[in-house]
Engineer: 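Pasting in a structure now, in structure tokens, and then I'll have a few things to ask.
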Amino acid sequence: MGTMSDDVEKRAIGKMMRRLIPFLILCYFVAYLDRVNVGFAKLHMNTALGLSEAAYGLGAGLFFVGYFFFEVPSNILLERFGARRWIARIMISWGIVSAAFAFIPQMSAASGLSSEWIFYFLRLLLGACEAGFFPGIIFYLTLWFPTIYRARVISLFMLAIPISSIIGAPISGLLLNLSGGGLTGWQWLFICEALPSVLVGFAVLALLPDFPRQATWLQPDEVKWVQNTLEIERQKKEAVEHISVLQSLTDSRVLACAFVYFCLNAASYGVAFFLPTIIKAFGVTDTQTGLIAALPFVFGAVGMVLLGRHSDKTGERRYHVAGALVLAAVGIGLAGLVSSPVLIIGLLCLAQIGVSAVPPMFWPMPASILNGASAAAGIAAINSLGNLSGFAGPFAMGYLKDLTGGFTAGLLLLAVVGLIGALVTIRLRIDPVLERSMREPMMAH
């Protein structure tokens, strides 16, 4: 009986990993590329639009304000309309808005509004369009994969972040050299990197099933194993505790998780949106900037997979997450205190190992608290509240850069935020009985 069950489990998990994860990685790849390519466009866009460092930081961060207000409603609608249609809607709409950045000068001339205000509006709108995508994918994965597989599945899915930077950074640097059709390099960058989002969005409609029972590539016994296993997990969660949708939005553990994610994103986006500017100051070309900017994410990809697997193997989350946050804080803080370009990049590589490793180990924690509709709302609440620091981090970096003329103060501030996040993580209350029960081998029924 055990052997047969193990065989079904192995077949089902293997098929789901091969069929879903590569495609979801592609989706997140183009999402993250559209989110952070403004950092490369900034190298020429700021001068073209007359933006100060603080104005750029404000605009970059406004993405997360739009994200915040539309996150929870978007994720609830995803559960109502189905992942396939809603994720496709998200990707197509954000691709269109992302391409619109190329035409800010023309929009400014036509409307009479300043380029700065058009930039602010489009960043806000981009966040509103993308809201719900990441937590929607995390929720989607809970409909397919049992708890013991989720950290490794999420870590593989989130490889899209370092991959998008490893591949996207050099491409972005090269696109800055394009010109033609009355447009300059930074404008072509937005257009060329927005097109894949729209195309992949239409592919989602054709290729992404909402539930295991809709997957024609799963055998009946495999579908039955997945559904039974997930149902057993749901019952175990409810036996320990049932949390309603409303309670999930005010639960102290959900809010604590949101604060930890806030600290992570402040450090992550505060650096990411200004990384090309930091590197460009070394005196290198746009193309070289793109190549160098990819380096930290190579190390981040390795750290993400190795630490995620170790967390799965040991079944421990909190201290893994806290340790990764400390690593990020140390790298970011020290990078602000040294002047050698080699040392700065080396320390940012160290920081990126920590930054990249946190999410795949972090997200199984709230998933151990919530289930059903409360999981959709709770995960979205954590992500939206946590992403508000995507506004605070870049704005603080830009403001302090204008104020001090350098990045030291901003990087030290982000390092302190990372350390605070590590301390809060250690104090998170997650029921150890529930966490252990989620790791017990499941028998097929």
Engineer: With distance as the sole test, does Thr404 use its side chain to make a donor-acceptor pair with the main-chain N or O of Leu400 at under 3.5 Å?
Structural biologist: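 Between the backbone of Leu400 and the side chain of Thr404 there is a qualifying donor-acceptor contact (under 3.5 Å).
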Engineer: Kindly indicate, with the supporting measurements, whether the criterion side chain to side chain donor-acceptor pair (under 3.5 Å) is fulfilled by Ser98 and Glu193.
Structural biologist: CA-CA 8 Å; Ser98 185; Glu193 294 188 351; over 6 Å; no
Engineer: Give me the one residue out of Trp86, Tyr140, Trp94, Phe139 that meets ring pair (Phe, Tyr, Trp, His ring centres under 6.0 Å) with Phe133.
Structural biologist: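 That would be Trp94.
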Engineer: So do the side chains of Leu24 and Tyr28 get within less than 4.5 Å of each other, counting heavy atoms only?
Structural biologist: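 No - every pair of side-chain heavy atoms lies 4.5 Å or more apart.
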Engineer: Could you tell me whether a side-chain N or O of Arg123 sits under 3.5 Å from a main-chain N or O of Leu62, the two making a donor and an acceptor?
Structural biologist: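 No; zero donor-acceptor contacts below 3.5 Å.
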Engineer: Do Leu207 and Phe23 have side-chain heavy atoms sitting under 4.5 Å apart?
Structural biologist: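 Yes; the side chains approach each other to less than 4.5 Å.
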Engineer: When rounded to the nearest 0.5 angstrom, what distance separates CD in Glu116 from CG in Leu49?
Structural biologist: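 Nearest 0.5 Å value for the CD-CG distance: 9.5 Å.
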Engineer: If you count every heavy atom of other residues, nucleotides or ligands that lies below 6.0 Å from Phe282 atom CZ, does the total exceed 12?
Structural biologist: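 Yes, CZ of Phe282 has more than 12 neighbouring heavy atoms, counting only those of other groups under 6.0 Å.
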Engineer: To the nearest 0.5 angstrom, please state how far the OG1 atom of Thr289 sits from the CG atom of Leu275.
Structural biologist: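 Thr289 OG1 to Leu275 CG: 9.5 Å, rounded to 0.5 Å.
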Engineer: Could you tell me whether Phe70 atom CZ has more than 12 heavy atoms of other residues or ligands within 6.0 Å of it?
Structural biologist: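 No, the 6.0 Å shell around CZ holds no more than 12 heavy atoms from other groups.
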Engineer: Under 4.5 Å between any side-chain heavy atoms of Asn387 and Phe262, yes or no?
Structural biologist: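 Heavy-atom side-chain distance check fails, nothing below 4.5 Å.
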Engineer: Any side-chain to backbone donor/acceptor pair from Ser114 onto Trp117? Under 3.5 Å, distance only.
Structural biologist: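 Side chain of Ser114 to backbone of Trp117: a pair is present.
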Engineer: Determine, stepwise, if the pair Arg85 / Asp210 fulfils salt bridge (Lys or Arg N to Asp or Glu O under 4.0 Å).
Structural biologist: CA-CA 9 Å; Arg85 285 184 291 176; Asp210 286 312; 5.9 Å; no
Engineer: Less than 6.0 angstrom separating the ring centers of Tyr56 and Phe274, yes or no?
Structural biologist: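 When the ring centroids of Tyr56 and Phe274 are compared, they turn out to be within the sub-6.0 Å range.
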Engineer: Would you call Ile167 and Phe29 a side-chain contact if the rule is heavy atoms closer than 4.5 Å?
Structural biologist: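 Side-chain contact under 4.5 Å: yes.
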Engineer: Can you give me the closest heavy-atom contact between Gly303 and Ile353, atom names plus distance?
Structural biologist: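 Distance-wise, the nearest heavy atoms are CA-CG2, 3.9 Å.
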Engineer: Any idea which heavy atoms bring Leu20 and Pro209 closest together, and the distance?
Structural biologist: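 Of all heavy-atom pairs spanning Leu20 and Pro209, the closest is CD2-CD, 4.4 Å.
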Engineer: Answer yes or no: is there a donor N or O on one side and an acceptor on the other, between the side chain of Glu316 and the main chain of His320, under 3.5 Å?
Structural biologist: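 Yes, the answer is positive, given that a donor and an acceptor are paired below the 3.5 Å cut-off.
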Engineer: Measure from NZ or CZ of Lys401 to the centre of the six-membered ring of Phe407, then state whether that distance is under 6.0 Å and the direction lies within 45° of the axis.
Structural biologist: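 Checked: cation-pi criterion met.
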Engineer: I'd like to know if the side chain of Gln187 and the backbone of Ala102 have a donor-acceptor N/O pair within less than 3.5 Å.
Structural biologist: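 Judged by distance alone, yes, a pair lies under 3.5 Å.
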Engineer: Measure from the side-chain N and O atoms of Arg318 to the backbone N and O of Leu428, and report whether any donor-acceptor pair falls under 3.5 Å.
Structural biologist: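 It does hold such a pair.
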Engineer: Counting C-beta onward and ignoring hydrogens, is there a side-chain heavy-atom pair between Leu348 and Gln352 closer than 4.5 Å?
Structural biologist: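 With C-beta onward as the side chain, the pair stays apart.
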Engineer: What are the two closest non-hydrogen atoms of Ala256 and Val424, and how far apart are they?
Structural biologist: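 That would be O-CG1, 4.2 Å.
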Engineer: One pair to check against side chain to side chain contact (heavy atoms under 4.5 Å, CB included): Asn265 and Leu388. What are the steps and the verdict?
Structural biologist: CA-CA 8 Å; Asn265 284 331; Leu388 278 179; over 6 Å; no
Engineer: Is there a donor-acceptor contact under 3.5 Å from the side chain of Ser93 to the main chain of Ile90?
Structural biologist: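 Answer holds: yes.
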Engineer: Does Ser108 reach the main-chain N or O of Leu113 with its side chain, forming a donor-acceptor pair under 3.5 Å?
Structural biologist: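 Side chain of Ser108 to backbone of Leu113, a donor-acceptor pair under 3.5 Å: yes, one is there.
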Engineer: Nearest 0.5 Å, what's the CD1-SG distance between Ile87 and Cys27?
Structural biologist: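 Nearest 0.5 Å value for the CD1-SG distance: 7.0 Å.
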Engineer: If you take the centroid of each ring, where Trp contributes its six-membered ring, are Phe190 and Phe101 closer together than 6.0 Å?
Structural biologist: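 Yes.
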Engineer: Search all heavy atoms of Val97 against all heavy atoms of Cys129 and return the closest pair with its distance.
Structural biologist: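 Shortest heavy-atom separation between Val97 and Cys129 comes out as CG2-SG, 3.7 Å.
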Engineer: Has Thr425 got a side-chain atom pairing as donor or acceptor with Ala322's backbone, closer than 3.5 angstrom?
Structural biologist: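 The answer is no, because no donor-acceptor pair under 3.5 Å joins these two groups.
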Engineer: Give a yes or no on whether Tyr149 atom OH has more than 12 heavy-atom contacts from other residues, nucleotides or ligands under 6.0 Å away.
Structural biologist: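 Yes, the 6.0 Å shell around OH holds more than 12 heavy atoms from other groups.
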Engineer: Check whether the ring centres of Phe63 and Tyr67 lie less than 6.0 Å apart, and answer yes or no.
Structural biologist: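 Here the rings of Tyr67 and Phe63 have centres that are less than 6.0 Å from each other.
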Engineer: Dump the intermediate steps for side chain to side chain contact (heavy atoms under 4.5 Å, CB included) on Phe81 and Arg89, then the final yes or no.
Structural biologist: CA-CA 11 Å; Phe81 290 105; Arg89 192 283 304 163; over 6 Å; no
Engineer: Show, in sequence, the C-alpha distance, side-chain angles and deciding distance for Val38 and Met45, and conclude whether the side chain to side chain contact (heavy atoms under 4.5 Å, CB included) test is met.
Structural biologist: CA-CA 9 Å; Val38 70; Met45 179 185 68; 3.9 Å; yes
Engineer: Set out, in order, the CA-CA distance, both residues' side-chain angles and the distance that settles side chain to side chain contact (heavy atoms under 4.5 Å, CB included) for Trp144 and Val153, then state yes or no.
Structural biologist: CA-CA 10 Å; Trp144 291 77; Val153 167; over 6 Å; no
Engineer: With a 4.5 Å cut-off on side-chain heavy atoms, are Val330 and Leu334 touching?
Structural biologist: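 Touching, per the 4.5 Å side-chain cut-off.
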Engineer: What's the separation between atom OG1 in Thr285 and atom CG in Leu174, rounded to the nearest 0.5 Å?
Structural biologist: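 Thr285 atom OG1 to Leu174 atom CG measures 9.0 Å (nearest 0.5 Å).
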Engineer: Check whether Ser172 reaches the backbone of Asn37 with its side chain - one donor and one acceptor, N or O, closer than 3.5 Å.
Structural biologist: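 Side chain of Ser172 to backbone of Asn37: no pair is present.
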Engineer: Nearest 0.5 Å, what's the CG-CD1 distance between Leu295 and Ile279?
Structural biologist: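 Leu295 atom CG to Ile279 atom CD1 measures 8.0 Å (nearest 0.5 Å).
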Engineer: Hey, can you tell me if Phe64 and Phe273 have their rings parallel, tilted or perpendicular (30° and 60° cut-offs)?
Structural biologist: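 Correct class here is perpendicular.
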Engineer: Working to the nearest 0.5 angstrom, can you tell me the gap between Ile166 CD1 and Ile171 CD1?
Structural biologist: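 Nearest 0.5 Å value for the CD1-CD1 distance: 12.0 Å.
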Engineer: Can you tell if the side chain of Leu141 reaches within under 4.5 Å of the side chain of Trp363, non-hydrogen atoms only?
Structural biologist: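 A side-chain contact is absent here, since even the closest heavy-atom pair is not under 4.5 Å.
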Engineer: How close do Ala293 and Ala169 get, heavy atom to heavy atom, and via which atoms?
Structural biologist: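 What the structure gives for the nearest pair is CB-CB, 4.1 Å.
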Engineer: Where is the tightest heavy-atom contact between Ser389 and Ala266, given as atom of each residue plus distance?
Structural biologist: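 In terms of heavy atoms, the two residues are closest at OG-N, 3.0 Å.
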Engineer: Side chains of Trp186 and Leu176: closer than 4.5 Å at any heavy-atom pair?
Structural biologist: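 Sidechains of Leu176 and Trp186: in contact.
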